[in-house]
2 protein chains.
Amino acid sequence: MVATIKDVAQQAGVSIATVSRALNTPDRVSLAAQSAVQAAIAALGFRPNLIGRQLRADKTGLIGVMLPTLSNPVFAECLQGIEQAALAANYRVLLMTTHYRADREQHALETLLNQRVDGMILTVAHAAQHAWLDRLEDLSVPYMLVYNQCDARPCVSVDNRAAAAQGVTELLLRGHRHIAMISGQLQASDRAQQRYQGYCDAMRAAGLVPGEPLEIDFESADLPPELVGRLTGPDRPTAVFCGNDRLAILVMRRLLARGLRIPQDVAILGFDGLEIGELLAPALATVSQPNADIGARAMERLHGWLDSGQRLASLVLPHGIRRGGSIHA
Amino acid sequence: MVATIKDVAQQAGVSIATVSRALNTPDRVSLAAQSAVQAAIAALGFRPNLIGRQLRADKTGLIGVMLPTLSNPVFAECLQGIEQAALAANYRVLLMTTHYRADREQHALETLLNQRVDGMILTVAHAAQHAWLDRLEDLSVPYMLVYNQCDARPCVSVDNRAAAAQGVTELLLRGHRHIAMISGQLQASDRAQQRYQGYCDAMRAAGLVPGEPLEIDFESADLPPELVGRLTGPDRPTAVFCGNDRLAILVMRRLLARGLRIPQDVAILGFDGLEIGELLAPALATVSQPNADIGARAMERLHGWLDSGQRLASLVLPHGIRRGGSIHA
DNA sequence: TGCGTTGATGAAAACGTTTACATTTTCAGA
DNA sequence: TCTGAAAATGTAAACGTTTTCATCAACGCA
């Protein structure tokens with residue numbers, strides 16, 4: 001049997017109120033009582049039951065975090081940032097992954113809500129129209145989106161569209177005219193759509209006709225053969241812009257295996273800024289995001305919101321362009 | 001104001017006990033009452049407060065997960081496995097990272113204990129002598145170690161020593177005689193020690209004298225110059241066995257930058273089996289572990305323990321040797 | 001001495017559930 | 001119609017805290 005505050009009180013010869021005060025507001029307790037309580041706590045190995053405390057306080061100190069997957073290091077790094085900032089702000093992290101599935105998004109949000117997390121940090125499929133986010137607003141549960149970018153919601157992200165356009169422009173400057181874009185399912189990710197928009201912007205600004213996006217499952221372990229065909233066939237593109245680095249790496253592998261030279265035969269540009277990309281051969285050029293920062297800043301802002309009750313505006317963090325061997329020889 | 005079971009009872013014209021039963025054991029409630037309750041729940045948007053339930057039941061449905069870092073994809077993949085298995089078993093995951101620091105291990109365990117998690121999945125510095133693990137045993141809190149390997153505790157891991165020895169043997173078979181080992185701080189990781197033992201085993205079995213381990217901080221972003229010196233200097237090794245893939249990748253980068261050829265000038269062998277290693281140039285040879293499986297199996301076993309009350313034995317999963325360009329031309 | 005202020009303490013209520021136990025209702029069989 | 005068992009329901013306690021409110025002692029001051 002694990003000791004409760006009642007046992008401590010009895011052992012120390014004081015009331016449970018005094019024990020509670022000794023724990024939370026020691027200055028309101030006589031020195032004699034304090035040391036009696038300390039002794040009793042040590043003797044019994046008492047540790048306060050947070051569940052009781054949370055029920056009474058109607059606060060859990062929990063932050064619900066919902067991300068698509070941890071297999072993509074982008075989200076793992078972001079989570080790392082969240083966790084570090086949560087520790088600093090004395091919150092704990094309850095984690096759920098969705099694997100880009102709507103039913104899992106719903107289940108996760110429901111669970112987090114039932115668990116009475118104080119706030120949430122989320123990446124959802126489509127921030128703009130999302131019934132559950134509206135529900136969070138109604139319930140006035142503080143939340144922050146990460147990676148999603150949407151005027152009507154509190155987000156921490158880069159400017160996906162502008163960043164993508166800048167990346168594609170980098171390819172255009174190198175003389176590419178036939179540039180394809182590969183992306184995870186647009187329907188599963190508003191970021192993917194925004195990045196595709198950025199691609200279109202840059203193409204049109206150069207007087208070119210943007211291609212249709214070549215879609216592929218976000219979590220697929222390899223490229224479908226017919227896609228490989230389009231990238232290696234007779235009218236293949238001279239450059240490929242990939243909606244994220246994971247895809248870019250898959251593409252690089254497949255094309256290299258098919259005997260294409262990168263970047264001479266085809267240039268590859270990613271999006272995310274995964275560190276590991278720098279170590280590939282050739283090094284992956286990419287539009288980089290500050291992943292750990294995205295998480296940490298989101299947590300900081302959420303903390304501010306929880307502290308002040310003031311909803312905070314979105315935050316757009318700077319992106320970067322990391323040049324590398326995959327786009328210039 | 002968010003609705004409670006009491007509001008639902010009032011709205012439905014029944015007692016709270018009936019509402020509770022309608023929720024948990026619907027077969028013990030008349031159809032009339034069931035539908036009245038359902039209607040009330042829908043009307044009020046009631047969602048059961050898990051905190052109240054957890055307090056009453058003395059069960060939280062939470063699994064505490066403590067890992068060194070998520071920046072190393074090994075642990076991110078493992079966490080992914082844990083999360084997936086936790087979902088299947090209807091548990092939720094509370095995450096804490098330690099960054100290989102003893103004070104953070106202690107803080108995390110304390111927090112998880114206070115939060116009354118039903119069980120824990122942990123990677124600790126040293127499984128064998130670890131006061132807090134002893135404490136868990138005393139409190140009979142079910143837990144499973146991952147990556148740690150220790151006869152006296154419930155672990156899910158590979159056989160680190162044998163795996164390392166097999167990897168090093170692979171190098172020996174290729175004619176290497178001067179093989180160095182680079183590792184994270186041995187004092188921060190029993191796995192590192194076991195892998196070093198395996199290295200020594202293999203070297204001695206070949207009649208060679210094992211070198212001292214070259215230690216480096218687990219989380220350092222680059223190699224210290226003096227270490228680079230030893231790897232590139234006049235009596236440099238012809239092969240380097242790295243205690244984990246992350247280190248191996250750092251080593252590869254540095255040595256390539258110094259103009260050494262891999263594997264002609266120096267062969268590199270990692271440990272972990274990170275997928276990304278296959279995409280490097282040259283592809284990283286490594287001793288592979290089934291990371292997601294380690295997490296998933298640990299969670300399954302923990303679930304079994306929680307269900308049955310029976311502590312389960314350790315599980316040693318098979319390792320593999322992934323050959324690659326970093327050890328053979 | 002008497003009074004008011006301050007500081008320490010305790011009793012009890014409250015947070016939202018589940019469940020043991022008691023009570024009421026239903027219904028089949030005589 | 002009556003009886004008894006079974007089914008449905010309700011009352012109240014319990015889980016471990018925090019906090020309000022009341023009580024009481026101590027003490028300074030007139």
Side-chain angles (χ1 to χ4, degrees), chain A residues 1-38 40-41 44-62 92 110-118 139, chain B residues 1-38 40-41 44-62 92 110-118 139:
Chain A
M1 287 303 80
V2 43
T4 76
I5 201 176
K6 209 175 294 185
D7 303 318
V8 174
Q10 187 168 10
Q11 170 94 5
V14 298
S15 73
I16 61 170
T18 298
V19 177
S20 177
R21 279 187 286 253
L23 249 41
N24 303 300
T25 52
D27 39 321
R28 278 184 164 60
V29 165
S30 70
L31 269 65
Q34 272 189 54
S35 50
V37 168
Q38 288 308 333
I41 287 178
L44 297 173
F46 166 78
R47 41 190 56 265
N49 184 323
L50 290 188
I51 302 293
R53 188 175 290 183
Q54 288 163 358
L55 180 59
R56 164 69 209 215
D58 198 30
K59 274 187 182 188
T60 55
L62 294 174
R92 272 135 283 137
E110 212 156 345
T111 304
L112 295 177
L113 235 28
N114 289 1
Q115 183 64 61
R116 299 304 196 264
V117 297
D118 289 343
L139 298 171
Chain B
M1 284 302 77
V2 44
T4 75
I5 202 175
K6 209 175 295 186
D7 303 318
V8 174
Q10 187 168 10
Q11 170 93 4
V14 299
S15 74
I16 61 170
T18 298
V19 177
S20 177
R21 279 186 287 251
L23 249 40
N24 302 302
T25 52
D27 39 319
R28 278 184 163 57
V29 165
S30 70
L31 268 65
Q34 272 188 53
S35 52
V37 167
Q38 289 307 332
I41 287 178
L44 298 173
F46 166 78
R47 40 188 60 266
N49 184 322
L50 290 187
I51 302 292
R53 188 176 289 183
Q54 288 162 359
L55 179 60
R56 164 68 208 215
D58 199 29
K59 274 186 182 191
T60 56
L62 294 174
R92 273 135 282 136
E110 211 155 345
T111 303
L112 294 176
L113 235 27
N114 289 0
Q115 183 65 61
R116 299 303 195 262
V117 297
D118 290 342
L139 298 171

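Throughout, a chain's letter reflects where its sequence line sits, starting with A, and its residues are numbered from 1. Hydrogens, waters and symmetry mates play no part in the numbers below; they use all other heavy atoms, side chains included.
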*Asks:* Provide, to the nearest angstrom, the distance between the CZ atom belonging to A:R21 and the P atom belonging to D:dT20.
*Replies:* 11 Å
*Asks:* Nearest 0.5 angstrom please: B:I51 CD1 to A:Q115 CD, how far?
*Replies:* 4.5 Å
*Asks:* Need two values: the first and the last nucleotide of DNA chain C, 5' to 3', having an atom under 4.0 Å from any heavy-atom of chain A.
*Replies:* C:dA8 to C:dG16
*Asks:* Rounded off to whole Å, could you give me the CD1-to-P distance for the A:I51 and D:dT18 pair?
*Replies:* 13 Å
*Asks:* Within a radius of less than 6.0 Å around CD of B:Q10, do more than 12 heavy atoms belonging to other residues, nucleotides or ligands occur?
*Replies:* no
*Asks:* Determine whether A:V2 and B:L139 make a side-chain contact, defined as any pair of heavy atoms from C-beta on separated by less than 4.5 Å.
*Replies:* no
*Asks:* Which comes earlier along DNA chain C counting from the 5' end, the contact point of A:A57 or that of B:A57, where each point is its nearest nucleotide?
*Replies:* A:A57
*Asks:* Using a heavy-atom distance cut-off of less than 4.0 Å, which residues of residues 25-38 of chain A contact DNA chain D?
*Replies:* none
*Asks:* Counting C-beta onward and ignoring hydrogens, is there a side-chain heavy-atom pair between B:R92 and B:L50 closer than 4.5 Å?
*Replies:* yes
*Asks:* Scan residues 23-36 of chain A for pairs that pass side chain to side chain donor-acceptor pair (under 3.5 Å), counting only residues two or more places apart or in two chains.
*Replies:* A:S20-A:N24
*Asks:* Between atom CZ in B:R56 and atom P in D:dA13, what is the gap in whole Å?
*Replies:* 13 Å
*Asks:* For B:A36 and B:A12, which heavy atoms make the closest approach, and how far apart are they?
*Replies:* O-CB, 3.7 Å
*Asks:* Is A:R53 close to B:N114 at the side-chain level, that is, under 4.5 Å between some pair of heavy atoms?
*Replies:* no
*Asks:* Whole angstrom is fine here: how far is it from CG in B:L55 over to C1' in D:dA14?
*Replies:* 9 Å
*Asks:* Can you measure B:R53 atom CZ to D:dA14 atom C1' for me and round it to whole angstrom units?
*Replies:* 17 Å
*Asks:* Can you find a heavy atom in the side chain of B:N49 that is under 4.5 Å from one in the side chain of B:T4?
*Replies:* no
*Asks:* Could you pull out the closest heavy-atom pair between B:F46 and B:I5, with the gap in Å?
*Replies:* CE1-N, 3.4 Å
*Asks:* Looking at every non-hydrogen atom in both residues, tell me the closest pair between B:P48 and A:R116 and how far apart they are.
*Replies:* O-NH1, 3.6 Å
*Asks:* For the helix from C:dT1-D:dA30 to C:dA30-D:dT1, what angle separates the axis at the start from the axis at the finish, each from five pairs, in steps of 10°?
*Replies:* 50°
*Asks:* Near DNA chain C, counting only heavy atoms under 4.0 Å, which residues of residues 10-19 of chain B show up?
*Replies:* B:I16, B:A17
*Asks:* Return the CG to CD1 distance between B:L23 and B:I16, rounded to the nearest 0.5 Å.
*Replies:* 12.0 Å
*Asks:* Indicate the atoms forming the closest heavy-atom contact of B:V8 with B:I41, along with that distance.
*Replies:* CG1-CG1, 3.9 Å
*Asks:* Please give, in whole Å, the distance from D:dT17 C1' to A:D58 CG?
*Replies:* 13 Å
*Asks:* Quick check on contacts: within residues 110-118 of chain A, what sits under 4.0 Å from DNA chain D by heavy-atom distance?
*Replies:* none
*Asks:* Where do A:D118 and A:K59 come nearest, in terms of heavy atoms and distance?
*Replies:* OD1-CA, 3.6 Å
